[in-house]
**Student:** 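Pasting a structure below so you can have a look.
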There are 2 protein chains.
Amino acid sequence: MSEATKEAHARPDTRARIQAVALELFAEQGYDKTSLREIAERLDVTKAALYYHFKSKEDIVASLVEDYFGQIDELVAWGRTLPKTPESRAEVLRRYFDIVAGGSGVFRMLQHNQASVNSMAAAKHRSELFRERMDALVSLLTEPDAPLASQLRAAVALASVSFGCMFYADRAEDPAHLRATVLDIAFGLTGAQD
Amino acid sequence: MSEATKEAHARPDTRARIQAVALELFAEQGYDKTSLREIAERLDVTKAALYYHFKSKEDIVASLVEDYFGQIDELVAWGRTLPKTPESRAEVLRRYFDIVAGGSGVFRMLQHNQASVNSMAAAKHRSELFRERMDALVSLLTEPDAPLASQLRAAVALASVSFGCMFYADRAEDPAHLRATVLDIAFGLTGAQD
DNA sequence: GTCTATAGACGGATAGAC
DNA sequence: GTCTATCCGTCTATAGAC
């Protein structure tokens, strides 16, 4: 670490800590109900400090969402390099599960704050962006020009993965068992194969 | 109509009109971003008038949610009178679809405002209430003491109905076709039969 | 990089007249 | 049943010292 970065009261990872706390509170109690004051208090800093790292409250969310969409986009890019075999579909679904489940929790946050996030200036037309990702993932799981029924099955498979791992995560005694069960359902819907 | 109800500037259906406008705005732009001032302006009344009909902003949501949960509870009660045949499961899923799709739009509103609604005082532990309904519906679609996999399939079927009719409602050229397709998927997941 | 202090706006809710 | 007027709280965001 260079001398230049050792400034008074400097904590080097403040930006990341802000992201972590904000994510937790946004997911837990909602974006609108979480004030910058509350975030600052948890970190033992002041609101003004937050504004040094992020230009606005929305900007914190934007930074979080960028990370999440980045993961999805990587998955899509990777999936496009694959042949469309049942095995590769299975692998796409597995990776999607891991992003949603093991991931940063950004998905859960987005799920709980759809209305707030959708009406953000910085992320204008964000429900469209969400759709684009969804469609991209669907295209990995279907033949080109597949009929509505096939597309819907793929979309439902993806939704099931998200839903299953969010709604049943705290009920299944064995996480691995839940994962296997959820993926088995998704495989069945898309013709994927282990 | 009695003379007593004919008061100055009285519009008889104000309460219902408030509910309708509030529902639309809450679903569209979110509960927190919708102020009572905005609702009042749309109706050409004042905020104070709203407080005559509802004791608080939350109370408006509560009145909406009551109606929706009432429909689900009716479905559950009716479903419990049925034998557990593939045909009756299909009928439960069909009715559930119609509640979500044709319904008042309350489901969409709840979906978009999970965080706000979950942290309401009047509806404390409302995610639990939501779960209770979900579990009740699942029990209509599974044998008693069914293994996790079966319960999950039923839950996914219900989620698929909700998801399918919300996410694809404006894409399918033919609503009846969408309905048939979605239900076909749900039937497959639960062993229901037409 | 973090602080104190404050501006500036808006929201929910109530009181009391009509 | 609806209105005007107002109280009081909270929030985002900024200015400027250290």
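Just so it is clear: chains get the letters A, B, ... in the order the sequence lines come, proteins before strands, and each one is counted from 1. Bear in mind that the values here come from a model prediction, so they are computed numbers and not experimental data.
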**Student:** Establish, with yes or no, whether the OP1 or OP2 oxygen of dT10(D) is under 4.0 angstrom from a side-chain nitrogen or oxygen of Arg37(A).
**Tutor:**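 Answer is no, no contact under 4.0 Å.
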**Student:** Using atom CZ of Arg15(A) as one end and atom P of dG1(C) as the other, report the distance to the nearest whole Å.
**Tutor:** 12 Å
**Student:** Looking only at heavy atoms, which two atoms of Val182(A) and Ser160(A) are closest? And how far apart?
**Tutor:**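 Residues Val182(A) and Ser160(A), closest heavy atoms: CG1-O, 4.1 Å.
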**Student:** Considering only dG12(C), dA13(C), dC11(D), which nucleotide approaches the side chain of Ser56(B) most closely?
**Tutor:** dA13(C)
**Student:** Whole-Å distance between dT10(D) P and Glu41(A) CD?
**Tutor:**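 Nearest whole value for this atom pair: 12 Å.
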**Student:** Evaluate the ring planes of Phe130(B) and Phe69(B), with Trp represented by its six-membered ring, and classify them as parallel (under 30°), tilted (30 to 60°) or perpendicular (over 60°).
**Tutor:**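 Rings of Phe130(B) and Phe69(B): tilted, as their planes differ by 30° to 60°.
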**Student:** If you count the non-hydrogen atoms of other residues, nucleotides and ligands that lie under 6.0 Å from CG in Asp145(B), is the total more than 12?
**Tutor:** no
**Student:** Quick one: the dot-bracket string of DNA chain C, using Watson-Crick and G-U wobble pairs with both distances under 3.5 Å, [ ] for crossing pairs and | for bases paired to another strand.
**Tutor:** ||||||||||||||||||
**Student:** Any carboxylate oxygen within less than 4.0 angstrom of a Lys/Arg side-chain nitrogen, looking at Arg89(A) and Glu143(A)?
**Tutor:**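 Answer for the salt bridge query: yes.
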**Student:** Starting the side chain at C-beta, find the nucleotide from dT2(C), dG1(D), dT14(D) nearest to His53(A).
**Tutor:** dT2(C)
**Student:** Just how far, in rounded Å, is C1' of dC11(D) from CD1 of Ile39(A)?
**Tutor:**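 Rounded to whole Å, this separation is 12 Å.
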**Student:** For atom CD of Glu66(A), is the number of surrounding heavy atoms from other residues, nucleotides or ligands below 6.0 Å larger than 12?
**Tutor:**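 Not more than 12 within 6.0 Å, no.
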**Student:** Whole-Å distance between dC11(D) C1' and Glu58(A) CD?
**Tutor:**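 Between C1' of dC11(D) and CD of Glu58(A): 14 Å.
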**Student:** State plainly whether the residues Arg42(A) and Glu38(A) are in salt-bridge range, i.e. N to O under 4.0 Å.
**Tutor:** no
**Student:** If you pin Tyr31(A) and Arg17(B) to their nearest nucleotides in DNA chain D, which one's is more 5'?
**Tutor:** Arg17(B)
**Student:** Which nucleotide in the list dC11(D), dG12(C), dT12(D) gets nearest to the side chain of Tyr51(B)?
**Tutor:** dG12(C)
**Student:** Specify the separation, in whole Å, of atom NZ of Lys33(B) and atom P of dT10(D).
**Tutor:**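 The distance from NZ of Lys33(B) to P of dT10(D) comes to 20 Å, rounded to the nearest Å.
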**Student:** What's the verdict on salt bridge (Lys or Arg N to Asp or Glu O under 4.0 Å) for Asp170(B) and Arg131(A), showing C-alpha distance, side-chain angles and the deciding distance?
**Tutor:** CA-CA 13 Å; Asp170(B) 50 344; Arg131(A) 271 201 179 186; 3.4 Å; yes
**Student:** Round to the nearest Å and state the distance from Lys55(B) atom NZ to dA13(C) atom C1'.
**Tutor:** 13 Å
**Student:** Distances under 3.5 Å only, N/O to N/O: pair up the protein atoms with those of nucleotides 3-7 of chain D.
**Tutor:**
| unit_1 | atom_1 | unit_2 | atom_2 | d |
| --- | --- | --- | --- | --- |
| dC3(D) | OP2 | Thr46(B) | N | 2.7 |
| dC3(D) | OP2 | Thr46(B) | OG1 | 3.0 |

**Student:** Given the rule in the side chain to side chain contact (heavy atoms under 4.5 Å, CB included) test, do Leu137(A) and Leu75(A) qualify, once you have shown the distances and angles that lead to the verdict?
**Tutor:** CA-CA 8 Å; Leu137(A) 289 170; Leu75(A) 172 57; 4.0 Å; yes
**Student:** Any idea which of dA13(D), dG1(D), dG12(C) is nearest the Lys57(A) side chain?
**Tutor:** dA13(D)
**Student:** Round to a whole Å and report the spacing from CG of Leu36(A) to P of dT6(C).
**Tutor:**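 Leu36(A) atom CG is separated from dT6(C) atom P by 20 Å.
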**Student:** When you measure from the side chain of Tyr52(B), which nucleotide among dT2(D), dA13(D), dA13(C) comes out closest?
**Tutor:**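 Selected nucleotide (nearest to the side chain): dT2(D).
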**Student:** Check this for me, if you would: do Asp44(B) and Arg17(B) make a salt bridge, where the nitrogen-to-carboxylate-oxygen distance has to be below 4.0 angstrom?
**Tutor:**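 So Asp44(B) does not pair with Arg17(B) through a salt bridge.
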